[in-house]
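This report refers to the structure that appears directly beneath it.
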Amino acid sequence: MTEHVMKILIIGDGKVGKSSFVQRYVNGKFNSTYKTTVGADFSVKVLQWSDKEKVRLHLWDIAGQERFISMTRAYYKGALGCVVMFDVTSSSSFLRCLHWKQDLDNKAMLPNGDSIPCILLANKCDLSQWVVSTDSINKFSQANGFIAWMVTSVKDNKNIEEAMRRLVEEILSV
Ligand code: GDP
């Protein structure tokens, strides 16, 4: 049995749903009042990937540190994959994804010098007041080197497993 250990970062503005995403993915729950401890390090999820492979994910949520303009190198160190999340009802959270992606690319890279595989998630798709168009998400995702983008709803449990599976596939193929 091979076990792959992967540090995955979950970044994006405050309130877009990062902590809820991790909570849903790891514990299968959605709780609208749930809040992680500020400064918590990581949550673990183990996947039986194939007959001979396990994947142990260390999910690092920036949990309350979004107020800082950028994250420290220590936070990014050793990461093999990244989720950049925004809220489809907040245009500012979408615009800030550029900043988050650039901060990541400036401070972290894979051991071979490539940029870290990153998936863009358009969360809260269950809400009707979308203010970001799929066309602009598509363009932004392509222009900034994301492996893919997906709409998600942590609330309705839509595309959570799928998004993580897509990211892990990419990491294993690097
Ligand atoms: P964080 O600051 O990015 O970690 O965001 P939280 O996980 O604390 O979520 C912020 C708020 O958005 C909470 O009230 C969540 O319940 C809510 N939320 C998270 N994901 C969704 C979603 O997919 N749909 C809806 N409607 N609300 C969500």
Side-chain angles (χ1 to χ4, degrees), residues 4 6-22 24-26 42-43 45 47 49 55 57-63 65-66 68-73 75-127 130-174:
H4 306 277
M6 299 177 184
K7 176 176 175 179
I8 309 282
L9 311 172
I10 319 292
I11 59 183
D13 272 9
K15 303 284 174 245
V16 300
K18 301 181 300 300
S19 303
S20 306
F21 176 83
V22 172
R24 166 70 88 186
Y25 186 56
V26 172
F42 59 84
S43 306
K45 167 105 173 173
L47 305 174
W49 192 256
V55 173
L57 298 171
H58 291 179
L59 302 165
W60 291 60
D61 171 10
I62 58 177
Q65 298 177 70
E66 305 92 342
F68 298 119
I69 291 169
S70 64
M71 300 303 295
T72 61
R73 284 181 195 273
Y75 173 77
Y76 289 130
K77 192 168 195 284
L80 295 182
C82 181
V83 171
V84 176
M85 181 178 282
F86 68 96
D87 168 352
V88 294
T89 69
S90 158
S91 55
S92 63
S93 75
F94 174 59
L95 294 174
R96 286 264 297 169
C97 289
L98 178 61
H99 161 81
W100 289 114
K101 180 71 164 66
Q102 288 176 341
D103 193 47
L104 173 77
D105 289 343
N106 286 337
K107 290 184 183 154
M109 57 177 74
L110 296 177
N112 68 8
D114 287 349
S115 59
I116 292 175
C118 210
I119 191 165
L120 179 65
L121 299 186
N123 191 40
K124 308 197 189 181
C125 72
D126 56 284
L127 297 175
W130 281 49
V131 296
V132 185
S133 72
T134 56
D135 191 44
S136 56
I137 304 169
N138 214 6
K139 284 191 180 126
F140 174 76
S141 170
Q142 288 183 10
N144 292 285
F146 287 92
I147 59 166
W149 72 274
M150 286 169 103
V151 290
T152 56
S153 168
V154 177
K155 186 175 179 211
D156 292 350
N157 201 10
K158 183 185 159 129
N159 275 346
I160 308 304
E161 305 252 340
E162 291 82 352
M164 291 305 298
R165 180 157 280 273
R166 176 72 185 81
L167 182 60
V168 170
E169 270 167 11
E170 186 74 23
I171 294 167
L172 289 174
S173 75
V174 170

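Just so it is clear, the values below take in all heavy atoms, side chains as well, and ignore hydrogens, waters and symmetry mates. The first residue of the sequence shown is numbered 1, and numbering continues consecutively from there. All values reported here derive from a predicted model rather than from experimental measurement.
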Considering all heavy atoms, the nearest [X]-[Y] contact:
{"X": "Pro117", "Y": "Leu167", "answer": "O-CD1, 3.6 Å"}
{"X": "Ser91", "Y": "Val131", "answer": "N-CG2, 3.5 Å"}
{"X": "Val154", "Y": "Ser20", "answer": "CG1-O, 3.3 Å"}
{"X": "Cys97", "Y": "Leu120", "answer": "SG-CD1, 4.0 Å"}
{"X": "Trp100", "Y": "Ile11", "answer": "O-CD1, 3.9 Å"}
{"X": "Ser115", "Y": "Leu110", "answer": "O-CD1, 3.8 Å"}

Please enumerate all residues that pass side-chain contact (heavy atoms from CB on, under 4.5 Å) together with Ser90, with sequence neighbours excluded.
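Checked Ser90 against side-chain contact (heavy atoms from CB on, under 4.5 Å); matches are Asp87, Ser92, Ser93.
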Examine distances only and state if a side-chain atom of [X] and a backbone atom of [Y] form a donor-acceptor pair shorter than 3.5 Å.
{"X": "Tyr75", "Y": "Trp60", "result": "yes"}
{"X": "Arg96", "Y": "Gly12", "result": "no"}
{"X": "Lys7", "Y": "Lys77", "result": "yes"}
{"X": "Lys45", "Y": "Tyr25", "result": "yes"}
{"X": "Lys124", "Y": "Gly17", "result": "no"}

Would you check, one step at a time, whether the test side-chain contact (heavy atoms from CB on, under 4.5 Å) holds for Glu169 with Arg165?
CA-CA 6 Å; Glu169 270 167 11; Arg165 180 157 280 273; 3.9 Å; yes
Below 30° counts as parallel, above 60° as perpendicular, anything between as tilted: where do the rings of Phe146 and Phe140 land?
tilted
Before giving the answer on side-chain contact (heavy atoms from CB on, under 4.5 Å), spell out for Leu127 and Lys155 the whole-Å C-alpha distance, their side-chain angles and the decisive distance to 0.1 Å.
CA-CA 10 Å; Leu127 297 175; Lys155 186 175 179 211; 5.8 Å; no
Give the C-alpha distance, both sets of side-chain angles, the deciding distance and a yes or no for side-chain contact (heavy atoms from CB on, under 4.5 Å) between Val151 and Lys158.
CA-CA 8 Å; Val151 290; Lys158 183 185 159 129; 4.0 Å; yes
Give the intermediate values and the outcome of side-chain contact (heavy atoms from CB on, under 4.5 Å) for residues Asn123 and Val16.
CA-CA 7 Å; Asn123 191 40; Val16 300; 5.7 Å; no
Would you mind reporting whether [Y] and [X] have side-chain heavy atoms less than 4.5 Å apart?
{"X": "Met164", "Y": "Leu59", "value": "yes"}
{"X": "Ile10", "Y": "Ser19", "value": "no"}
{"X": "Ile171", "Y": "Ile8", "value": "yes"}

With side chain to side chain contact (heavy atoms under 4.5 Å, CB included) as the test, pick out the partner of Phe86 among Val132, Leu95, Leu121, Asp13.
Val132
Exactly one of Asp61, Leu104, Val83, Ile116 clears side chain to side chain contact (heavy atoms under 4.5 Å, CB included) with Leu9, and that residue is Leu104
All pairs passing side-chain hydrogen bond (donor to acceptor under 3.5 Å, both in side chains) where residues 130-149 contributes a residue, at least two apart
Ser133-Ser136, Asp135-Lys139, Asn138-Trp149
When rounded to the nearest 0.5 Å, the distance separating CZ of Arg24 from CD of Glu161 is 10.0 Å
Does the pair Arg166 and Glu170 meet the rule for a salt bridge (charged side-chain N to carboxylate O under 4.0 Å, His left out), with working shown?
CA-CA 6 Å; Arg166 176 72 185 81; Glu170 186 74 23; 3.1 Å; yes
